[in-house]
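Scroll down for the structure; my scribbles are underneath it.
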Amino acid sequence: MSKVDPRPKYLSDGDVRKEGAFNKSLFLTLRLAYQPFLIRIFIYLFVGFLGRGLLLGNTNIIGFWVDSLSGQDTPFPGFTSQDFVMVLLFMAILGFLCTFTFRVAFSRLSAKAISRLYDEVTLRTSRLPMAFFDQTPAGRIITRFSSDYGNVFRLFGGPLAEFISIIFDLTMMVILITVANPYYLIFVAFTGILNFIVYKLNQKKLRSSRRELSASRSPSIAHFAETTQGASTIRSFRREKIFGARFERLDRYFLSQKLSTTKHLMSFSLQMSSLTSLLLLVTGVSSYFMIEKGWATIGSVGVAFTFIVLSGNTVGMFFEWLTQFEEAIIGVERLDQYMRMDLEPGAHLPSFAQFPTGHPQYAPSLEQYLRHRRLTEEKSASVQFRDVWFRYRKDLPWVLKGLNFEVQAGERLGIVGRTGSGKSSLIQALFYLYDIDKGQIAINNHLPKLDEKGAGMDLNLYRQSMAFISQEPILFQGSLRFNLDIKENFSDAHIFAALERVGLKAWVQEQPGGLDMRIEERGKNLSLGERQLLCMARCLLQEAPIIIMDEATSSVDPQSEEIMVKATGEFFADRTQIIIAHRLSTLASCDRILWLQNGEIIALGPTSEVLPQFKTTELV
Ligand SMILES: Nc1ncnc2c1ncn2[C@@H]1O[C@H](COP(=O)(O)OP(=O)(O)OP(=O)(O)O)[C@@H](O)[C@H]1O
Ligand SMILES: [Mg+2]
């Protein structure tokens with residue numbers, strides 16, 4: 001029977017590799033994360049190493065003590081038992097303090113380094129092209145920033161110090177066994193080699209099952225997020241069972257993956273501990289012969305035997321931790337993948353971004369300059385479309401086909417066309433949210449700079465010159481004030497004045513909290529019309545020379561629409577306006593109308609000519 005992939009393809013995790021060695025760039029990324037702390041880390045490593053040395057060295061002191069009691073020579077001639085106890089006590093206290101300092105300080109720095117990594121990945125992910133967000137479900141991105149990052153943070157922020165302690169222990173043991181009795185080095189080397197072989201035999205299986213485990217989590221989370229968002233639709237269509245079953249299937253797959261990873265780990269752990277037991281037996285028997293032959297003193301055998309017992313365990317722990325860290329490294333690998341992606345053309349990292357990943361970045365002076373710069377000091381600006389060909393992806397059909405027109409400064413342009421004719425896409429293109437394959441769009445004849453070497457104005461500056469109400473009015477979780485005035489520029493009176501213009505002042509005053517009323521995610525606690533009106537108020541507060549409205553009044557009642565059309569007519573009188581509407585009454589006061597069909601311009605002319613033409617052709 002052939003194996004069926006239990007994950008539906010459209011819900012899979014994307015293109016992370018499941019096999020093979022780690023990508024080298026992730027180690028570079030880790031180095032960058034730790035870079036500012038390197039000196040301190042080395043100091044703490046030294047302290048940690050010293051601490052383990054002092055604690056483990058106690059065993060040797062006890063060995064010498066035993067030898068001195070049985071009358072043999074020791075490096076501490078004339079030491080009484082009390083002296084030995086004092087040395088042991090001193091070493092134990094100092095060793096403990098050093099180990100403690102190392103653990104706490106190192107873990108703190110490590111946690112800081114990993115949160116730096118998180119910040120840098122966020123800076124880049126938020127600047128990826130729109131096409132990435134179109135093709136990647138939100139749940140999948142969230143998994144990278146929650147469970148993958150969580151794994152990395154958890155393991156690097158604590159257990160890493162433990163893991164390093166284990167390495168210190170092993171190194172120290174080799175040194176101390178050599179001091180006690182060099183013969184036993186053979187046993188340690190043998191343990192190491194055998195464990196390494198067992199680790200290597202298991203490594204591939206463990207690594208690929210861990211990668212698959214990480215990848216299997218995000219589809220179920222993505223599905224869960226989508227289901228909660230669409231809960232009302234699912235209920236009204238009575239599709240709970242189907243969605244429940246799909247979730248169960250994805251979740252079962254995740255759990256089976258978890259089970260298989262745990263199984264691999266348990267079997268690995270069992271192999272390791274069997275090895276240790278075997279080795280202990282061999283060491284015990286051979287020690288007896290070594291004392292018999294006079295190759296070792298009782299004290300030194302005691303020391304070596306203790307260390308062999310310890311080292312067997314420690315070597316086992318070392319390899320178990322190593323496999324644990326593979327999980328963290330896979331997390332870093334997945335974050336690193338986002339970090340290395342190309343940003344949206346024209347986007348820059350802010351000057352405070354610290355990892356040199358080769359992405360374009362603002363110089364602090366330019367950033368400062370741009371902060372106060374506007375595209376134009378005029379109230380309005382012109383827009384040029386020059387033979388624009390646009391599609392959402394290379395493998396999709398053209399949506400805009402060779403558009404050529406100009407919107408004059410201060411002009412009111414209405415856009416009409418059937419559903420799917422490309423009206424909203426024209427706005428997406430105007431914002432350069434996707435690549436424009438052929439042709440150019442300019443504002444005041446200025447092109448945005450999309451290529452580091454090219455000419456043109458900063459993309460952000462270009463976009464800031466437009467205020468936009470999208471077809472799906474978007475509000476964010478937070479207060480109403482935050483939604484209207486994200487940059488916190490305006491007084492209450494100013495905000496209320498804008499609300500009054502869209503006819504919402506009284507409504508807001510009635511709400512508990514007023515301007516501080518709570519808006520839920522995507523504004524889902526408001527009606528569509530209310531959302532549109534609030535977005536309009538937000539637009540009023542933004543003093544942009546170009547105002548774009550995509551179906552901004554489609555969901556409000558005729559009275560509200562009238563208020564809005566009048567308000568915008570007055571308020572935006574001297575601005576350039578681009579208005580998309582299905583309700584033709586909204587467009588009556590436009591200067592010109594552009595009629596789109598199938599991505600092409602059918603007509604562009606005075607409202608009194610084109611609107612009746614459109615009405616008779618399309619609306620019969
Ligand atoms: N993000 C996207 N990815 C791929 N194709 C898209 C995307 N958005 C829109 N399209 C496609 O582009 C075409 C034009 O869509 P657009 O949204 O511009 O139409 P519209 O004129 O605004 O329609 P409506 O009046 O319904 O809003 C449609 O065929 C649509 O399927
Ligand atoms: Mg549209």
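These values consider heavy atoms only, across backbone and side chains, with no hydrogens, waters or symmetry-generated copies.
Applying the ring-ring contact (aromatic ring centres under 6.0 Å, His included) test to residues at least two apart or on different chains, the pairs with a partner in residues 33-52 are F49-F168.
With sequence neighbours excluded, the residues forming a side chain to side chain donor-acceptor pair (under 3.5 Å) with Q368 are R371, listed by chain and number. In this structure, the side chain to side chain donor-acceptor pair (under 3.5 Å) partners of D458, at least two apart in sequence or on a different chain, are Y362. Evaluation of the side chain to side chain donor-acceptor pair (under 3.5 Å) rule for S147 yields R217 as partners, not counting sequence neighbours. Under the ring-ring contact (aromatic ring centres under 6.0 Å, His included) criterion, F27 pairs with no residue at all, not counting sequence neighbours. R252 is linked by a salt bridge (charged side-chain N to carboxylate O under 4.0 Å, His left out) to E248, counting only residues two or more places apart in sequence or in another chain. Partners of F224 by ring-ring contact (aromatic ring centres under 6.0 Å, His included), not counting sequence neighbours, listed by chain and number: F247. Remark: T80 engages D83 in a side chain to side chain donor-acceptor pair (under 3.5 Å) (not counting sequence neighbours). The salt bridge (charged side-chain N to carboxylate O under 4.0 Å, His left out) test applied to K524 returns E521, not counting sequence neighbours. Residues satisfying the salt bridge (charged side-chain N to carboxylate O under 4.0 Å, His left out) test with D336, not counting sequence neighbours, are R340. In this structure R481 satisfies the salt bridge (charged side-chain N to carboxylate O under 4.0 Å, His left out) test together with D492, D516, sequence neighbours excluded.
Using a 4.0 Å cut-off between charged nitrogen and carboxylate oxygen, R518 and E520 count as a salt-bridge pair. Residues R210 and E333 are not paired through a salt bridge, judged by the lack of any N-O separation under 4.0 Å between the basic side chain and the carboxylate.
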(request) Carefully, step by step, assess M91 and L55 under the rule side chain to side chain contact (heavy atoms under 4.5 Å, CB included). (result) CA-CA 6 Å; M91 284 171 61; L55 286 178; over 6 Å; no
(request) Assess whether side-chain hydrogen bond (donor to acceptor under 3.5 Å, both in side chains) is satisfied between E452 and H348, documenting all intermediate values. (result) CA-CA 10 Å; E452 271 316 272; H348 289 79; 3.0 Å; yes
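At a cut-off of 3.5 Å, with distance as the only test, no side-chain donor of R116 or Q35 sits close to an acceptor on the other residue.
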Show me, pair by pair, the donor-acceptor contacts under 3.5 angstrom made by side chains of residues 149-163, not counting sequence neighbours?
residue	atom	partner	partner atom	Å
N151	OD1	R154	NH2	3.1
N151	ND2	E327	OE2	3.4

